[in-house]
Amino acid sequence: MSKGGMILESHFDSMERQSETARLGMWIFLASEILLFGALFALYAAYRSAWPEAFAEGVRENDAVLGTTNTLVLITSSLFAALAADRLERGRPRATLLFLALTIVLAVGFLVIKSVEYGAHFREGIFPGGRGGHFAHAPAGTPIFFTLYFGMTGLHALHVIVGMGVLSWCALRVRRGTLSPNALEIGALYWHLVDCVWIFLWPCYYLLRG
Amino acid sequence: MTEESGHGGAAVPVSRYVWSFVALVALTLTSFALSRLQLGAAETSVAIAIAALKVLIVALFFMRLRDEAPSSRLTGVAAFLFVTLLVVFAALDIITRP
């Protein structure tokens, strides 16, 4: 009846149907997240079309090597999150905890690299809202580029922090033996979404140099 | 052995995750290398196409949309397609203004 603390509720005819419904709920939440970031990507597309030169120059201002490193860090963390869910499904809680720990370590690494980048921008006089010495001689549209940059990467970093919380909570429940494999898979889905958002942020802010 | 409907908590071979990861890293490095080549007008479409392919790999294999029930697949795919419409038309609006 119970698998990792999961009980079949009377209104579902099977455990599989119940798990499937829980995942559907998560997918609906992820769809709303996709729409949130989608609106911001639409802003980016519109403003980039309006100020192509300012946006290309803004991208050249960002450190492509740090940005690419962070892409590889998040992709690897996504692999570890998937492997953590896989291990729990196979009834291997110790390996699950190891992969969850690795995922969280990489998440911390991502945030460290991101704050190094923010620090470098602040020293160069680049702040959100077009404040700072850098904008005195920059082309029109540059303040918009960096405001969107800080807004979108900042919102994404917030999701990384929330994701770390979700994965830590999952790890605690795995330790107690009270987390179902399906629940961990749902937690991992959130982490993969954070990865997907960054996969699109990366070309927009580090590669498209015009 | 009966065919599973949905992924039913059934584990898939670990090699599937590893190969997805290898493909994601290869696409990332390819995209980075291409961005150094100054492709001009094709630059944006190439970079976004590679990003879309990477997200497809994450969704199908890491998020297991490949084995997921139709209701979840529809939700994920529809959200992505509607956002694509939003982004494309937001750009087209500005580009086609006289």
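All chains are named by letter (A, B, ...) in the order of the sequence lines, taking the proteins before the strands, and each is independently numbered beginning at 1.
- The parts of A:A50 that come within reach of chain B are both its backbone and its side chain, each placing non-hydrogen atoms under 4.5 angstrom from that chain.
- Atom CZ of A:R48 is separated from atom CD1 of B:I95 by 11.0 Å, given to the nearest 0.5 angstrom.
- Here the side chains of B:T28 and A:W202 are in contact, with some heavy-atom distance below 4.5 Å.
- Using a 4.5 Å cut-off between heavy atoms, A:T71 touches chain B through its side chain atoms alone.
- The closest side-chain heavy-atom distance from A:R23 to B:R64 is not below 4.5 Å.
- Residues A:I199 and B:K54 come closest through the heavy atom pair CG2-CB, 3.9 Å.
- Heavy atoms closer than 4.5 Å to chain B are found in the side chain of A:L30, but not in its backbone.
- Under the 4.5 Å side-chain criterion, counting only non-hydrogen atoms from C-beta, A:L208 is not in contact with B:S35.
- Annotation for B:S72 and A:E20: closest pair OG-O, 4.4 Å, computed over non-hydrogen atoms.
- Looking at heavy atoms from C-beta onward, A:R87 lies in side-chain contact with B:V14 at the 4.5 angstrom threshold.
- Across B:A78, B:S71, B:G76, the residue that shares the most heavy-atom pairs under 4.5 angstrom with chain A is B:S71.
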From CA spacing to verdict: side-chain contact (heavy atoms from CB on, under 4.5 Å), A:F41, B:V83: CA-CA 9 Å; A:F41 279 106; B:V83 159; 5.7 Å; no
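- Counting non-hydrogen atoms of other residues, nucleotides and ligands closer than 6.0 Å to CZ of A:R90 gives a total above 12.
- A:T76 touches chain B through backbone and side chain together, each having a heavy atom under 4.5 Å away.
- Heavy atoms only, all atoms of each residue included: B:I94 and A:A46 are closest at CG1-O, 3.6 Å.
- Rounding to the nearest 0.5 Å places OG of A:S78 at 8.0 Å from CG of B:L24.
- Within the model, atoms CE of B:M63 and CE of A:M26 stand 8.0 Å from one another, a figure rounded to the nearest 0.5 Å.
- Counting non-hydrogen atoms of other residues, nucleotides and ligands closer than 6.0 Å to CZ of A:R60 gives a total above 12.
- Only the side chain of B:R36 comes within less than 4.5 Å of a heavy atom in chain A; its backbone stays farther off.
- Of the two parts of A:L43, neither the backbone nor the side chain holds a non-hydrogen atom closer than 4.5 Å to a non-hydrogen atom of chain B.
- With a 4.5 angstrom heavy-atom cutoff, B:P13 touches chain A only via backbone atoms.
- To the nearest 0.5 Å, the span separating CG on A:D86 from CZ on B:R16 amounts to 10.5 Å.
- Side-chain contact between B:L74 and A:W27 is absent, with no heavy-atom pair separated by less than 4.5 Å.
- Contacts of B:A41 with chain A are absent, with no heavy-atom separation under 4.5 Å from either backbone or side chain.
- Within 6.0 Å of OH on A:Y47 lie no more than 12 heavy atoms contributed by other residues, nucleotides or ligands.
- Within the 3.5 Å criterion, the main-chain N or O of A:R209 finds a donor-acceptor partner in the side chain of B:E43.
- Looking only at heavy-atom pairs under 4.5 Å with chain B, the residue among A:L24, A:T21, A:T68, A:L35 that has the most is A:L24.
- Using a 4.5 Å cut-off between heavy atoms, A:A64 touches chain B through backbone and side chain atoms alike.
- Here B:F21 contributes atom CZ and A:F80 contributes atom CZ; the two are 7.0 Å apart, rounded to the nearest 0.5 Å.
- By the 4.5 Å heavy-atom criterion applied to side chains, B:V87 and A:Y44 are not counted as neighbours.
- For chain A, no part of B:I50 is nearby; none of its heavy atoms comes within less than 4.5 Å.
- Considering every non-hydrogen atom in both B:V58 and A:C196, the closest pair reads CG1-SG, 3.6 Å.
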side-chain contact (heavy atoms from CB on, under 4.5 Å) assessment of A:I34 paired with B:F82: CA-CA 10 Å; A:I34 293 171; B:F82 294 162; over 6 Å; no
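- Of all heavy-atom pairs between A:L207 and B:S31, the closest is CD1-OG, 3.4 Å.
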